[in-house]
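Take a look at the structure below.
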Amino acid sequence: FIEFWRRRSAGVESVPEWSIDAGKGTRFALHPSGLILVTAACNGEVRSWQLEDGKPPVPSLIAKGEGPALPCPATTPVFSRDGVFVAAAKGPRLRLWSRSNGSAWEQRFDGAFDDDIGDEPGAPSTRRDRITSLAMSSASDLLAAGGDSGRVRLLDIKDGRPATGFRTASVDGGSAVVSLAFLPDGSALLSGGKDGVISEWSLPTLKKGTSSERHQRGVSGLALADRAKGASDGRTILVSADWGGAIFEWSQGTLEGPATSIAFADDRPLEAMALRADGQFLVTAGDQLLVWDFNRAVMKESAQRFRSTH
């Protein structure tokens with residue numbers, strides 16, 4: 001089930017009429033307007049759900065499911081910054097749709113990616129590269145897709161063709177790319193690997209810059225946001241989380257600055273994470289769904305208290 005909550009001054013409030021039974025392993029993304037949800041199922045089915053106060057969500061089919069429901073869970077879909085585009089992936093297949101003025105979603109791109117490898121010298125072979133993560137830039141028209149092979153690909157979401165300077169790059173020695181996030185100014189892309197390594201890539205060339213091995217488990221989430229208006233430092237917030245339960249905040253908003261541990265690894269996997277655009281609060285999902293007021297000291301104390309009582 002997909003459940004909804006609203007943020008209130010005293011915490012969060014459930015929205016029971018919006019509960020959706022979307023199937024095991026389904027991933028979802030919320031439209032920037034907060035009024036449309038897109039779900040991607042393990043069999044490749046993609047649906048749009050119209051949300052309206054006091055009424056159950058109204059579904060519409062974007063793409064039919066095809067073949068077995070594997071791999072599962074599905075890759076999380078992503079919206080463009082203006083909500084005009086949405087991208088979803090199943091296995092090596094990436095699809096992109098657009099809509100305008102409330103019209104139906106129209107497919108703009110449908111393609112699969114290969115991972116060219118050589119099992120022996122002089123004997124190249126080709127296998128499909130399963131897409132494991134997606135991200136769209138809030139500052140440009142770039143869509144990033146990370147693969148099981150460790151490769152990152154860029155596409156221009158205006159027409160679905162490869163972006164200017166398009167290339168593929170092996171990330172961290174071939175470790176699967178399990179999370180992606182663009183810097184707010186669009187100057188670089190961050191990738192989180194299954195091996196726990198976070199790397200920064202300049203855009204659009206994908207030239208590798210700083211890397212960090214701070215995480216000991218796969219980097220399940222990368223989230224960036226601008227500081228809330230009126231904040232004293234005005235820096236970008238960067239938060240990372242892993243499958244071991246560790247959460248770090250990077251004080252400079254990049255990998256070049258020091259990282260502060262908010263929650264230590266305790267083998268309680270964090271499967272997903274989201275940070276509000278103004279940096280006011282953070283949501284983490286694992287065996288528990290937690291909403292954190294974004295204050296480093298308070299979060300650290302709250303994490304210690306939660307782990308001591310659960």
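The CH2 atom of Trp250 sits 9.5 Å away from atom CG of Leu222, with the distance rounded to the nearest 0.5 Å. Here the CD1-NE2 distance, from Ile247 to His215, works out to 9.0 Å after rounding to the nearest 0.5 Å. Going from atom OG1 of Thr254 over to atom CG of Leu238 covers 7.5 Å, rounded to the nearest 0.5 Å. For the atom pair Ile198 CD1 and Glu213 CD, the distance stands at 11.0 Å (nearest 0.5 Å). Annotation: the span from Phe79 atom CZ to Leu30 atom CG amounts to 7.5 Å, rounded to 0.5 Å. Once rounded to the nearest 0.5 Å, the distance linking CG of Leu94 with CZ of Arg153 reads 10.0 Å.
With salt bridges taken as basic N to acidic carboxylate O contacts below 4.0 Å, one links Arg93 and Glu66. Between Asp53 and Arg6 there is a salt bridge, since at least one side-chain N of the basic residue sits less than 4.0 Å from a carboxylate O of the acidic one. Using a 4.0 Å cut-off between a side-chain N of Lys or Arg and a carboxylate O of Asp or Glu, Arg151 and Asp129 do not qualify as a salt bridge. Salt bridge status for Arg47 with Glu45: present, with a side-chain N to carboxylate O gap under 4.0 Å.
The backbone N or O of Ile131 lies less than 3.5 Å from a partner atom in the side chain of Thr75, making a donor-acceptor pair. In this structure, Trp97 contributes its side chain and Phe109 its backbone to no donor-acceptor pair below 3.5 Å. With hydrogens and angles disregarded, no donor-acceptor distance shorter than 3.5 Å links the side chain of Ser19 to the backbone of Glu3. A side-chain donor-acceptor contact under 3.5 Å links His31 to the backbone of Gly83. Proximity of a side-chain donor or acceptor of Ser80 to a complementary backbone N or O of Val84 within less than 3.5 Å is detected.
Within the 4.5 Å cutoff, no side-chain heavy atoms of Leu155 are placed close to those of Met136. Residues Leu183 and Leu189 form no side-chain contact, since every pair of their non-hydrogen atoms from C-beta on lies 4.5 Å or further apart. Side-chain contact between Phe1 and Ile20 is absent, with no heavy atoms from C-beta onward closer than 4.5 Å. At least one side-chain heavy atom of Leu37 sits less than 4.5 Å from a side-chain heavy atom of Phe4. Contact check for Val46 versus Lys90: no side-chain heavy atoms found under the 4.5 Å cut-off. Contact check for Arg27 versus Pro77: side-chain heavy atoms found under the 4.5 Å cut-off.
Nearest heavy-atom pair, Asp242 versus Gln216, reported as atom, atom and distance to 0.1 Å: OD2-N, 4.1 Å. The shortest non-hydrogen separation linking Pro32 to Arg81 is CG-O, 3.7 Å. For the pair Phe85 and Asp82, the tightest heavy-atom approach, listed with the atom from each and the gap, is N-OD1, 4.4 Å. The minimum heavy-atom distance between Ala144 and Leu180, with the atom names listed, is O-CD1, 3.8 Å. Here the shortest heavy-atom pairing between Arg276 and Ala225 reads O-CB, 3.2 Å. In terms of heavy-atom proximity, Trp243 sits nearest to Lys194 at CZ3-CG, 3.8 Å.
No side-chain donor-acceptor contact under 3.5 Å links Thr39 and Thr26. Ser191 and Trp201 are linked by a side-chain donor-acceptor pair at a separation below 3.5 angstrom, with hydrogens and angles left out of the test.
If you chain together hydrophobic residues whose side chains sit under 4.5 Å apart, Leu51 and Ile36 never meet in one group. In the hydrophobic cluster analysis, where Ile, Leu, Val, Met, Phe, Trp and Tyr join through side-chain heavy atoms closer than 4.5 angstrom, Leu154 is grouped apart from Val178. Transitive grouping of hydrophobic side chains (ILVMFWY, heavy atoms separated by less than 4.5 Å) keeps Trp49 and Leu35 in distinct clusters. Hydrophobic clustering (side-chain heavy atoms under 4.5 Å, transitive across Ile, Leu, Val, Met, Phe, Trp, Tyr) keeps Trp5 apart from Ile2. In the hydrophobic clustering of ILVMFWY residues, with side-chain heavy atoms under 4.5 Å counting as a link, Leu142 and Val177 come out together.
Applying the 6.0 Å contact sphere to CZ of Phe28 captures no more than 12 heavy atoms from other residues, nucleotides or ligands.
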Item to check | Test side chain to side chain contact (heavy atoms under 4.5 Å, CB included) applied to Gln50 and Ser60, step by step | outcome: CA-CA 8 Å; Gln50 189 70 40; Ser60 59; over 6 Å; no

Checklist entry - Can you list the steps and then say if Ser179 with Ser133 is a side-chain hydrogen bond (donor to acceptor under 3.5 Å, both in side chains)? => result CA-CA 6 Å; Ser179 56; Ser133 55; over 6 Å; no

Checklist entry - Which is it for Glu271 and Ser220 under the side chain to side chain contact (heavy atoms under 4.5 Å, CB included) test, yes or no, and what are the steps along the way? => result CA-CA 6 Å; Glu271 298 293 344; Ser220 56; 5.5 Å; no

Next on the checklist: Test side chain to side chain contact (heavy atoms under 4.5 Å, CB included) on Ile237 and Leu224; report intermediate values, then the result.
Outcome noted: CA-CA 5 Å; Ile237 299 171; Leu224 293 109; over 6 Å; no

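When each of Ile62, Val58, Val86 is tested with Ser48 by the rule side-chain contact (heavy atoms from CB on, under 4.5 Å), just one qualifies, namely Ile62.
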